[in-house]
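Since the structure comes first, as structure tokens, the remarks are kept for the end.
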Amino acid sequence: MNKVANSNELRLPKLIGDGMILQREQPNKIWGYIGEGKKVTVKFVDTIYETEGNREGKWEVCLKPLPDGGPYNMEIKADKTIVIQNILMGDLWICGGQSNMELPVSRVMERYKDEINSYVNPLIRMFKVPMAYDFETPQEELIEGYWQPLTKRNVQDFTATGYFFAKKLFEKYQVPIGLIHTAVGGTPAEAWISEEGLKAMPEYIEQVAKYKNKDYIRQVLEKDEERINQWLQRLDKLDRGMSSKESRWFEVDYEDKDWATIQLPKIWKKEEMNLDAGVVWFRKKINIPASMVKKKARILLGTIIDSDTVYINGQKIGETGYQYPPRIYDIPQGILKEGENILAIRVVCWQGEGGFTPDKPYKIETADESVDLKGKWLYKVGTGTAIEALAPQIFIQFEPIGVHNGMIAPLKNLVPKGVIWYQGESNASRLPKKYKQLFELLIKDWRRVWQNEKLPFIYVQLPNFKNIGCEYSYSTWAEIRDAQLKTLEVAHTGMAVTIDIGEWNDLHPLNKKDIGERLALIARSLVYDEPIVCSGPLFKRARVSADQVILAFEHIGSGLLAKGGKLEGFTISPDGKRFIPARSSIKDNEVIVWHECIKQPVEVRYAWEDNPENANLYNKENLPASPFKVNLLEV
């Protein structure tokens, strides 16, 4: 049982509030809390519903199905009267996963600024579920939250993937769209599955047993916080750049003549800097033209591993505490001056390796001018070799069942149209070969929560990421993608292939528009029953003819296409261990794969890398083929 305090006074859960969206054409529960036996009356769209509090102090009514429309008001009356305003009937979508679903519109503004700033739609609304975990019992209530319409003020907080998904669906159907945003950065799949749902994988249940003790959790977190704080204090104490007797290393008049030079941007190994962890300082003289001095300016510094503090002419401009967010800092008026300016950056490396991510913007800019910051910099290690690497922070919310109990269980009374899901990165660094089983358990578990065995579940296959490989060796991201591909065996699921829209140097690719719109395309087919091509080619079967492998595909649309030139991305193996680039071609909407040195191929793979940059098999609807592998001994 949860956790909701008994009260004789009428009270509503956070999900039932002004601006909410209810699922059209379905019965919807309205529920709340009140003393046992106390009568509750709900009036909605000319219908009156009556009930009373049960022994547990709860009440609920079930609204009759209604078509899309609104806005409506709802009156709930007991010992007092509560009026909920501006309710819409529309389509309600769960937006789940980890950081790439959580990533807000504010993070992609640089890419889509004009589009986002010009679009307001109060018929698209989002409820952001606050991060919460519990390892003892599924919770019934959220700790906070409210419905937000898509306005210029609110849009920055919307899930970017969900934003573009909802926008595309509304554009097509003109139906109100509600987004239930329940995602947490870094969470593996097992964190989103209930204890009941994980019974088939008891190793996870054993793993979480110790977290059922709240005192244990408190002790772990307090100890970890103390460990990190002590490390940071020691770091600051050892950093000569902040404690130098002459002057601090960010100051304009500091003498940096003995500093070494480095070309930025780059990522360095700890051996290059001779440190296991610590602080590295960077300085650069930059010339600013008079035309930029009085204009609104900002500095862009890509992304930095792991954290940074930026100074211009001795004044702190901005800081970021971890590696992933783009560094975009406004420069206050009066700091830039005509001619020579001093830019200093303090970079903290938690585990020795660090740097400035290549292929990102590095510049100072105004609306119409910019100064490039790439090239030669001065640098000096501030902490020497006296500090050890900082072990990663402990995040209890990553443990099995926790966020399910805190962030999914309280949503059980909703009636979702479907789920969109973007997750898998965390499981790639854990046990990727278990991901298919976990993912299928998660889908089954969520369908149990919402009592709908056919609940549509549409997900993002992991995009391209990391350095381009050439050895065709083991790839954890390829393993996750393969598990996601095979999960299509589960009924009422759909998968958006995204190996063409990721970024090699960013775990959080900015192209959330294509991702959201590909999810919407699948929804149009899977959920709204439009007869459209919604997927790129998916491997169907293989046959061997002499020394050639002939591959057939589903979802070929108007036909197969090698985008941009000759067909690439296939590898072939004589023994299932050694893989070499294969020759390939398209004939009669099948793919032929071969290599003149391999007479009896054993396995063929397509796009089987973390970052399969050259993979270019598409259908003519411009949707990419999913990576796959096929063991030819089994066909």
Side-chain angles (χ1 to χ4, degrees), residues 14-24 26 28 68 70-71 86-108 112 116 119-131 142 144-185 192 403 407-408 410-423 446 449-450 455-460 494 496 512-513 515-524 527-528:
K14 301 294 189 296
L15 287 164
I16 308 296
D18 291 347
M20 69 180 176
I21 291 182
L22 299 175
Q23 181 57 47
R24 62 178 172 140
Q26 294 291 331
N28 285 273
D68 60 282
N86 193 17
I87 301 170
L88 298 177
M89 304 301 299
D91 286 342
L92 195 62
W93 286 87
I94 306 295
C95 305
Q98 58 180 108
S99 55
N100 270 306
M101 182 62 80
E102 185 180 29
L103 189 132
V105 165
S106 60
R107 284 274 291 273
V108 302
Y112 305 108
I116 292 168
Y119 187 74
V120 170
N121 189 342
L123 300 184
I124 296 176
R125 300 175 183 178
M126 184 186 80
F127 187 102
K128 186 173 183 178
V129 176
M131 199 286 286
L142 299 172
E144 59 184 6
Y146 56 92
W147 287 91
Q148 302 177 72
L150 200 167
T151 64
K152 285 189 176 181
R153 180 177 181 179
N154 293 334
V155 68
Q156 300 288 326
D157 292 330
F158 270 56
T159 155
T161 296
Y163 166 86
F164 288 111
F165 172 81
K167 186 180 176 186
K168 200 67 178 178
L169 287 186
F170 185 88
E171 177 185 297
K172 179 65 180 178
Y173 302 114
Q174 299 295 304
V175 169
I177 301 293
L179 303 175
I180 305 294
H181 177 198
T182 181
V184 177
W192 295 100
V403 290
M407 299 177 66
I408 298 299
L411 312 179
K412 66 182 179 182
N413 286 333
L414 297 177
V415 185
K417 185 77 169 179
V419 174
I420 58 173
W421 174 260
Y422 191 162
Q423 191 274 337
W446 284 26
V449 169
W450 285 296
L455 180 70
F457 205 102
I458 306 170
Y459 53 92
V460 179
K512 293 298 188 282
K513 181 176 181 178
I515 289 175
E517 291 186 351
R518 287 181 187 178
L519 291 168
L521 191 66
I522 297 168
R524 288 171 56 191
V527 182
Y528 296 91

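Because only heavy atoms are used, hydrogens play no part in the values below, and waters and symmetry mates are left out as well, while side chains stay in.
Taken to the nearest 0.5 Å, the CZ atom of Arg524 stands 4.5 Å off from the NZ atom of Lys172.
Across all non-hydrogen atoms, the minimal contact from Glu171 to Gln174 is O-NE2, 3.5 Å. Pairing each heavy atom of Leu88 with each of Pro176, the nearest pair is CD1-CB, 3.9 Å. The two atoms that bring Gly90 and Val175 nearest to each other are CA-CG1, 3.8 Å, heavy atoms only. What you find for Pro416 and Ile94 is that their closest heavy atoms are CB-CG1, 3.7 Å. Trp147 approaches Met20 most closely through the heavy-atom pair NE1-CB, 3.2 Å. The two residues Pro456 and Lys417 come nearest to each other via the heavy atoms CD-O, 3.3 Å.
Annotation: side chain of Val460 is not in contact with side chain of Asn100 (no heavy-atom distance under 4.5 Å). At least one side-chain heavy atom of Leu92 sits under 4.5 Å from a side-chain heavy atom of Leu414. Two residues are said to be in side-chain contact when any heavy atoms from C-beta on lie closer than 4.5 Å; Ile124 and Pro149 fail this criterion. Contact of the Thr161 side chain with the Leu103 side chain is not registered, since no non-hydrogen atoms from C-beta on lie closer than 4.5 Å. Between Phe170 and Leu123, some side-chain heavy-atom pair lies under the 4.5 Å cut-off. Taking the side chain as every heavy atom from C-beta outward, Phe127 and Leu179 never approach each other to under 4.5 Å.
The backbone N or O of Gly185 sits less than 3.5 Å from a side-chain atom of Glu102, completing a donor-acceptor pair. In this structure, Asn86 contributes its side chain and Pro71 its backbone to no donor-acceptor pair below 3.5 Å. A donor-acceptor pair under 3.5 Å is absent between the side-chain atoms of Thr182 and the main chain of Gly96, judged by distance alone. Panel note: side chain Arg125, backbone Gly19; a donor-acceptor pair is recorded below 3.5 Å. Put simply, the side chain of Asn28 gets close to the backbone of Gln23: a donor and an acceptor are under 3.5 Å apart.
Atom OH of Tyr119 has more than 12 heavy atoms from other residues, nucleotides or ligands within 6.0 Å.
The aromatic rings of Tyr173 and Tyr528 lie parallel to each other, their planes meeting at an angle below 30°, with 60° marking the opposite boundary. Ring orientation note: the planes of Trp446 and Trp450 are nearly perpendicular, at an angle over 60° on the 30°/60° scale.
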side-chain contact (heavy atoms from CB on, under 4.5 Å), that's the test. Do Tyr422 and Ile515 meet it? Break it down for me.
CA-CA 10 Å; Tyr422 191 162; Ile515 289 175; 3.8 Å; yes

Between Arg24 and Asp91, does the salt bridge (Lys or Arg N to Asp or Glu O under 4.0 Å) criterion hold? Intermediate values first, please.
CA-CA 6 Å; Arg24 62 178 172 140; Asp91 286 342; 2.7 Å; yes

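At least one test fails for Lys512 against the ring of Tyr163: distance under 6.0 Å to the centre or angle within 45° of the axis.
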